[in-house]
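A short worksheet on the structure shown next.
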Amino acid sequence: MAGIGHNNGPTMEAGESWRRHAWGKARARLMPTLPIEVVRLRVKRAAEIGLDYRTYASIRAASGHDVIAFLFSTNALRLLAPQPALPADRAAKLASVAAGRAALARAPVTPAQVLDLAPGLIDHAAPAPRPFAPWSESRRALLAAVAEGRWPADRVVMVGDTAEERDWSQAARLGYYLSAERYFAA
């Protein structure tokens, strides 16, 4: 046990390099080696839902599931008051996504406006939690939006643009959170 003033540096005990080697070998045996066909299918799926493979693999590793839907905030979609309009790059990306697509409309933008501004690009829209709402209220709002699409929450990826939206994702225990910058840049 290290005492006061110890900086928890590397051990000076004999056999440290052997223990590190043995730990690395044991960890490598635990990690699955995917057959090439599985990797190919996952690369194809990542492209279908508009993600690069590395991001898709991270989501699968974190959630343990495939992505079946995306939940976008109006901030991520750039549907901002006073003149909300869906930018062409966002519309093109949404059109190419082979997964469920829902939106959380932050006031003063309404769910009906979101659907009108993105015809055929959003499956459904729901009201976003009010600003600074407690986690329980945020959770209820997000789970209601996810339930409307009949999607399990742990298979839905939240695409947002603010720290508060990241918190919403955690409150609802969604599968993953992606920043709009990362999602729409891919």
Side-chain angles (χ1 to χ4, degrees), residues 45-46 48-52 54-186:
R45 177 65 178 151
E48 287 173 352
I49 61 175
L51 296 172
D52 61 275
R54 177 170 282 175
T55 300
Y56 178 72
S58 297
I59 293 169
R60 283 197 61 114
S63 71
H65 300 290
D66 189 21
V67 177
I68 61 171
F70 291 95
L71 182 59
F72 298 94
S73 71
T74 48
N75 289 331
L77 295 173
R78 299 294 185 260
L79 295 174
L80 307 171
Q83 299 276 330
L86 186 64
D89 66 326
R90 302 292 204 248
K93 181 82 170 197
L94 289 173
S96 69
V97 174
R101 298 160 300 199
L104 290 171
R106 188 149 221 185
V109 178
T110 66
Q113 280 180 302
V114 171
L115 294 174
D116 288 343
L117 292 166
L121 300 176
I122 298 292
D123 300 325
H124 66 271
R130 62 186 171 84
F132 309 109
W135 272 48
S136 59
E137 185 179 319
S138 298
R139 179 177 171 75
R140 277 192 304 275
L142 266 70
L143 290 179
V146 169
E148 194 172 330
R150 296 191 176 127
W151 304 313
D154 61 351
R155 295 177 186 211
V156 176
V157 172
M158 170 86 189
V159 179
D161 213 24
T162 67
E164 184 179 27
E165 292 163 359
R166 178 182 296 274
D167 291 345
W168 292 349
S169 172
Q170 292 170 351
R173 295 187 187 129
L174 298 182
Y176 206 76
Y177 174 86
L178 277 178
S179 70
E181 179 181 324
R182 184 172 177 190
Y183 181 76
F184 288 106

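Computed from a prediction, not measured in an experiment: that's the story for all the values here.
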A81 and V109: which non-hydrogen atoms are nearest, and at how many Å?
N-CG2, 4.2 Å
Considering all heavy atoms of both residues, which atom of L115 and which atom of I122 are nearest to each other, and what is their separation?
CD2-O, 3.7 Å
Is there side-chain contact between S169 and L174, with at least one heavy-atom pair below 4.5 Å?
yes
Just so I know, are the side chains of L121 and L86 near enough to count as touching, which here means a heavy-atom distance under 4.5 Å?
yes
Which pair of heavy atoms, one from A126 and one from E148, lies closest together, and at what distance?
CB-OE1, 4.5 Å
All heavy atoms of P84 vs all of L79, minimum pair found to be CB-C, 3.9 Å
Sorted by first residue and then second, give each salt bridge (Lys or Arg N to Asp or Glu O under 4.0 Å) pair with at least one member in residues 100-126; sequence neighbours left out.
R101-D123, R106-E164
Does a side-chain heavy-atom distance below 4.5 Å link D66 with R155?
no
Min side-chain heavy-atom separation L178-L51 under 4.5 Å:
yes
So, using salt bridge (charged side-chain N to carboxylate O under 4.0 Å, His left out) as the criterion, who are the partners of R130 when residues are at least two apart?
E137
Test item: L77 and L117 side chains (from C-beta on) under 4.5 Å apart, heavy atoms
no
Closest approach of W151 and G100, non-hydrogen atoms and distance?
CZ2-CA, 3.6 Å
Under a 4.5 Å cut-off applied to non-hydrogen side-chain atoms, are V157 and Y183 in contact?
no
Minimum side-chain heavy-atom gap R139-P129 below 4.5 Å:
no
Could you pull out the closest heavy-atom pair between V67 and R45, with the gap in Å?
O-NH2, 2.6 Å
R78 side chain to N75 main-chain N or O, any donor-acceptor pair under 3.5 Å?
yes
